[in-house]
There are 2 protein chains.
Amino acid sequence: MTETSAIAQGAARRTANGKSRTRIQLRNRERILQAALQVFSQYGFRGATLDQIAGESGLSKPNLLYYFPSKEAMHQDLLQALLTAWLDPLRALDASGDPLEEILAYVKRKLELARDYPRESRLFANEILQGAPRILPILETDLRALVDETAETIRGWCAAGRLAPVDPVHLIFSIWALTQHYADFQVQVTAVLGQDNPFEAAEAHLETLFRRLLTPG
Amino acid sequence: MTETSAIAQGAARRTANGKSRTRIQLRNRERILQAALQVFSQYGFRGATLDQIAGESGLSKPNLLYYFPSKEAMHQDLLQALLTAWLDPLRALDASGDPLEEILAYVKRKLELARDYPRESRLFANEILQGAPRILPILETDLRALVDETAETIRGWCAAGRLAPVDPVHLIFSIWALTQHYADFQVQVTAVLGQDNPFEAAEAHLETLFRRLLTPG
DNA sequence: CGTTCTTTTGACCGATTGGTCAAATTCAAT
DNA sequence: ATTGAATTTGACCAATCGGTCAAAAGAACG
């Protein structure tokens, strides 16, 4: 189990009300969140059990509940950490940069996220599949605002003839769909390809796809 | 609850060992499968409970188990019916037709499936997210063979210059990813769009996308 | 060393899980 | 109307669910 480079760090050095955390707390919260991520991302919230998470983390079940008040709290922590990491690359899209290269860079960054954090991607997919009961408000406000803003940028690029005309929001959906597919449907992809690392070919394919879609003229 | 036009018909008039089914059996098996589809597609296999399915179907829990030997059996029935319906459009791709129009027709058909049978799409997504424990063998044999075959057709089209050069398998992945996204992530799509029916715009967008990707020259 | 605080755990709780079964009810065909 | 089969259900089961608690074990510090 790799502990390096986790998106969801339970390792905030201070708790919500300011108390500092011990070395042991830091280590164990992280172990629990990693185990919870593993289990939640595979079975969804309802399908996951504390016993599975306990087994995966190597801690006893009551010990989990010493660090987290409930199963729900673990899931919340994971989702919250995920959402910021998930949306950041979209924020990084620079309106003053070269349109095509900006978008291709975003595609590449998103595909790298899918490659390096497939469990996080599947956790998110599970939440959406279940109707997003815990993050729907965020989707309708924060995410929607961010997408609207980005769409406006893209619309500007199209209007200026620097990008082939395209529906900006559906373009964003396409980027999400294509990149997340390689994480969420990894089992299917590798089953069909009969090989383990589709990401190199995927990157080349997606660059071709978006270049042809968006190159003006 | 619409009962018309279900992909997963539990309504085979004869059981596996040849016994014919009564009117009541036909009706109740169908009601159970529809309810099970609703629940499984939202919560996954593990997260779904017989009590939920019982409530959704309006039948008592022991009554469910009069028509199906187990929760597992309901899930199996749904997956099996789904798989054939899911793969058929790909089989319908005609090597002797016009390349671009054949592929665009497939994209359209697949998007219609996502629009008309989103629960089936989510059921499949859930199964894959969980590692495809019940259908991995089928993916590795039947699906892979079908994809290989189709890829060969597409490769031929590319080689003949009738289609812009493209990785055929990743093209197929792209079609799946883009069309299923509108079913599996419907909640997110409508939350961001703030409107309910994204499919009309999606169809136009996807036609543009694949036309630009695949038009030769 | 002893003391205090943190961490861990075994035993346990009521609720829910998938599933069983015998008895009751409804149906279809005479 | 009677009968025999098909259907439905209330009561029940062992296992598992998320979560509690008091007591034990481990760190930290003077």
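Throughout, protein chains are lettered first and strands after them, A, B, ... in sequence-line order, and every chain is numbered starting at 1.
- Straight-line distance from the CG atom of B:Asn63 to the C1' atom of D:dG10: 13 Å, rounded to whole Å.
- Computed from coordinates, the A:Gln76 CD to D:dG18 C1' distance equals 16 Å when rounded to whole Å.
- When heavy atoms are screened at a 4.0 angstrom cut-off, B:Ala48 is found touching the sugar-phosphate backbone but no base atom.
- Counting to the nearest Å, the C1' atom of D:dG19 and the OH atom of A:Tyr67 are 18 Å from each other.
- Contact record, A:Leu111 with A:Thr179: N-CG2, 3.8 Å, taken as the closest heavy-atom pair.
- Residue B:Leu65 is classed as a base contact, given a heavy-atom separation below 4.0 Å to a base.
- A cation-pi contact links A:Arg29 to A:Phe68, judged by a cut-off of 6.0 Å to the six-membered ring centre and 45° from its axis.
- Distance CZ (A:Arg31) to P (C:dT7): 13 Å, rounded to an integer number of Å.
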* I would like to know whether B:Arg122 and B:Phe40 meet side chain to side chain contact (heavy atoms under 4.5 Å, CB included); could you show each step before the answer? => CA-CA 9 Å; B:Arg122 287 192 279 265; B:Phe40 282 140; over 6 Å; no
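- Between B:Arg29 and D:dT7 there is no side-chain polar atom (N or O) within less than 4.0 angstrom of OP1 or OP2.
- Nucleic acid contact for A:Arg46: sugar-phosphate only, since backbone atoms but no base atoms lie under 4.0 Å from a heavy atom of the residue.
- Contact annotation: A:Asn28 side-chain N/O to C:dT8 OP1/OP2 distance is under 4.0 Å.
- Here D:dG18 is the nucleotide among C:dG19, D:dT7, D:dG18 with the atom lying nearest to any side-chain atom of A:Asp51.
- Spacing between atom CD1 of A:Ile32 and atom P of D:dG19 amounts to 13 Å, rounded to whole angstrom units.
- Here A:Gln25 reaches the OP1 or OP2 of C:dT7: one of its side-chain N or O atoms lies under 4.0 Å away.
- Side-chain atoms of A:Ser60 lie closest to C:dT9 of the nucleotides C:dT9, C:dG18, D:dA11.
- Residue B:Ile24 is classed as a sugar-phosphate contact, given heavy-atom separations below 4.0 Å to backbone atoms only.
- A side chain to side chain contact (heavy atoms under 4.5 Å, CB included) with A:Leu143 holds for exactly one of A:Leu83, A:Ile138, A:Leu87; it is A:Leu87.
- For the pair A:Tyr66 and D:dT20, the criterion of a side-chain N or O lying under 4.0 Å from OP1 or OP2 is not met.
- With C:dC21, C:dG10, D:dT7 as the choices, the nucleotide that has an atom nearest any side-chain atom of A:Pro62 turns out to be C:dG10.
- Taking atom CZ of residue B:Phe45 and atom C1' of nucleotide C:dG18, one finds them 9 Å apart after rounding to whole Å.
- At a cut-off of 3.5 angstrom, counting only N and O atoms as typed in the model, there is a donor on one side and an acceptor on the other between the side-chain of B:Lys61 and the base of C:dG18.
- Taking atom CG on A:Leu64 and atom P on C:dG10, their separation rounds to 13 Å, with Å as the unit.
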* Full working for salt bridge (Lys or Arg N to Asp or Glu O under 4.0 Å) between A:Glu30 and A:Arg27 -> CA-CA 5 Å; A:Glu30 183 57 28; A:Arg27 173 173 52 86; over 6 Å; no
